[in-house]
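Read the structure below first, then the notes.
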2 protein chains.
Amino acid sequence: MTIQHSATACLARAPLFSSLDLETLISLVPASKHRQLFPRGSFIKQPFDNNDGMFVLDQGSAKVYSVSDTGKEKILYMMKPGDITGQETLFSVRKTDYFIEALEDSYVCSVSHRAFQQLLQKSPALCLKLLNTFGDKLVAVEQNSIRRDTLLAKDRVLSYLKDKLDSSTSSTFQLPVKKKELASFLGLSPETLSRQLKALQKDGEITVSGRNITFTTPRY
Amino acid sequence: MTIQHSATACLARAPLFSSLDLETLISLVPASKHRQLFPRGSFIKQPFDNNDGMFVLDQGSAKVYSVSDTGKEKILYMMKPGDITGQETLFSVRKTDYFIEALEDSYVCSVSHRAFQQLLQKSPALCLKLLNTFGDKLVAVEQNSIRRDTLLAKDRVLSYLKDKLDSSTSSTFQLPVKKKELASFLGLSPETLSRQLKALQKDGEITVSGRNITFTTPRY
DNA sequence: TTGCCTTCTTGAGATAGATCAATTTTTTAA
DNA sequence: TTAAAAAATTGATCTATCTCAAGAAGGCAA
C-alpha cells in the first residue's frame, strides 16, 4: 500500500502535514473525513455550518468569500490543492460568515478541530509550521489590502500579475480563477478588469489569451 | 521588587507573554531591549531596518502602515499597549516594507527573533497562544478587507464604529487615532470620513464630539 | 493668555470606476 | 455536433468618492 492510496494520503499531500511521520498521520485518520467529493458549484462550507473541522483541499480549486447584506461578493482567498482553511476557528469561537465554494469538482479532507488541537499540543513542529502558514496568509491579505487602497485599477492588476509571475517558472502563466472572480479578489468590477487587461496589452506589458497571461518584457 | 518594576514587566504585561512563568520571562531578558522610548512621530520600524525583533508596545500607541510609490499611505493596524508586531518575519524572511510610527510618546520592548524562536520550541503553550494572536489579526484584516470592498462609505464607517461599540463597556467610546488616520485605515479620504460622520449624526445614529463617539440608539 | 500649527470641516468641481445594456466569445451539456 | 448557458468584452452613462482650496476649530508652546 503506497502513501498515494492510503487513508493518510490526502493529509500527507498538504504541506502543513507533509513532515509528520506516518504513525502520527494514521492517528488522525479516525478524526478525519477522507476525500469527500464536492462537485463544482457546491459549498464546502457555508456560514452557520456546524463548522467543526479544518479543511484540506486535496484536488480541485475553491473560492473563499463573503457576501454582504446587499449581495455583493468579496473573494478573500482562492484555494489550490494543498491549501488549508478553517484555522480561524481552531481555538476561539469566531464568526466565520464566509462561504467556501468548489470551483471545479474537488476533493476535500477534513480533520476535526479537537483532534487537531490535541495533535498541536504534542507536536511543536506542527505548531511552528502552522504558525508559518498563518504568517503567509496574513502577509497575503495585508498585501492585497495595501494594493486595494494605494493603487489605481491598472497598477493593481499589474501588481497582482507580477506576483503571479514571480511564483511562476515561465513568463506565461494561467489565472487561477475566472476573471469575474479575480475581479472580486482585486476589488474591481469584471468590466474594469477586462478593460485594464486590455490597456496593459496595449501598453505592451502583457499578452492575454483566455486565462493565459504572458509577460512580454520580463522585469528584473 | 515587584513585577511592575522588574526588567520582565514589559513583556509580562503583553497578553502573549502573560501566562509565562517568571523564570522563562527572565530567560528572555538578555535577548531583549527593555522599554525604549520612541517620541511621538518617531519610527519604531522602517522598511529595510535590520528587523531582527518582535516588538511589544508597552505604553503609548502606534500605527503600522505602508506607503505606495505614489506616496499614498495605507494604515494596516493601530497598535495599543500589549499589542505585538514583527511576527511576520519570525520564520521566513519576508519583505516587510512597512513603517511603525509612534503616535504618542511610546515605550517599546523588543525580543530578538532568535530568542523568541528558541522559546517557542520549548513552550507549546506559547506557540498556541501566538497562533491565537495570528488568528485574531487575520480575522481583523479579513474583516476590514470585506468592509472595504462590499460597503459604501457610510456603512463602512458605521460598521467600524459598531465593532468599537461591541468592544466597549459604554455607549460612548474614543477613536483610537486621529480621524485622518482612521480614514486611511477604512480606505477613505479624511474629507469623506468627516462627511460620513456628519451624515450618521444627522441620521440620529451617533453623536460626535472630537474623538468621542456616542451611539444614540444602542443596537441589540 | 496669545499665537502658531495641526487637524478637521465644508464647498465646489473633477474623475476613476461602477453600472447598465448589448454583443461576442467561450464553455457546458445534451 | 449543436444548442443553450455562462463568461467576457465593449460602449455609454452615472455616481460615489477624491481632490483641491479655503476656512474653522482645536491643541500646544512660549
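These values consider heavy atoms only, across backbone and side chains, with no hydrogens, waters or symmetry-generated copies. Chain letters run A, B, ... following the sequence lines, proteins first, then strands; residues in each count from 1.
In this structure, of C/dG17, C/dT7, D/dC18, it is C/dT7 that holds the atom nearest to the side chain of B/K180. Across C/dG17, C/dC8, D/dC18, the shortest atom-to-atom separation from the side chain of B/R195 is found for D/dC18.
To the nearest angstrom, C1' of D/dC18 lies 12 Å from CZ of B/R156. Residue A/L193 contributes atom CG, which lies 12 Å from atom P of C/dG17 at whole-angstrom precision. Distance CD (A/Q201) to C1' (D/dT10): 14 Å, rounded to an integer number of Å. Here C/dT7 presents its C1' atom at 16 Å from CD of B/E104, a figure rounded to the nearest Å. Between B/K178 atom NZ and C/dT6 atom P there is a gap of 10 Å when expressed in whole angstrom units. Counting to the nearest Å, the P atom of C/dT9 and the CG atom of B/L200 are 13 Å from each other. Residue B/Q196 contributes atom CD, which lies 13 Å from atom P of C/dT10 at whole-angstrom precision. Rounded to a whole Å, the CZ atom of B/R211 is 14 Å from the P atom of D/dG26.
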### Candidate pair A/F173 and A/F215, rule side-chain contact (heavy atoms from CB on, under 4.5 Å), full reasoning
CA-CA 9 Å; A/F173 56 90; A/F215 269 82; 3.8 Å; yes
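Qualifying ring pair (Phe, Tyr, Trp, His ring centres under 6.0 Å) partners for A/F116, counting only residues two or more places apart in sequence or in other chains: A/F17.
The aromatic rings of B/F99 and B/F43 sit tilted relative to each other, their planes meeting at an angle between 30° and 60°.
The minimum heavy-atom distance between A/K179 and A/G210, with the atom names listed, is NZ-O, 3.1 Å.
Evaluation of atom-type donor-acceptor distances gives a pair under 3.5 Å for the side chain of A/E191 against the base of C/dC20.
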## Note on the structure
Under a 4.0 Å heavy-atom criterion, the protein footprint on nucleotides 22-30 of chain C, written with B, S and -, is ------SS-
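For the helix from C/dA14-D/dT17 to C/dA30-D/dT1, the angle separating the two terminal helix axes comes to 30°, with each axis derived from five pairs and the value rounded to 10°.
At a threshold of 4.0 angstrom between heavy atoms, the contacts of A/G187 are confined to the sugar-phosphate backbone, with no base atom among them.
Ranked by how close their nearest DNA chain D nucleotide is to the 5' end, B/R148 and A/E181 are led by A/E181.
Under the 4.5 Å side-chain criterion, counting only non-hydrogen atoms from C-beta, A/T192 is not in contact with A/R156. With a 4.5 Å cut-off on side-chain heavy atoms, A/R148 and B/K74 do not count as touching. A 4.5 Å side-chain heavy-atom check between B/Y160 and B/L182 finds at least one atom pair inside the cut-off. Side-chain contact between A/L151 and A/S159: present, with at least one pair of heavy atoms (C-beta onward) separated by less than 4.5 Å.
Look at B/E73 and B/K63 and you find a salt bridge, because one of the NZ, NE, NH1 or NH2 atoms lies within 4.0 Å of a carboxylate O, short of that distance.
Put simply, A/K154 has no side-chain N or O that comes within less than 4.0 Å of OP1 or OP2 on C/dA16. At the phosphate of C/dG17, neither OP1 nor OP2 sits under 4.0 Å from any side-chain N or O atom of A/T192.
Rounded to the nearest 0.5 Å, atoms OG (A/S42) and CG (A/L103) are 10.0 Å apart.
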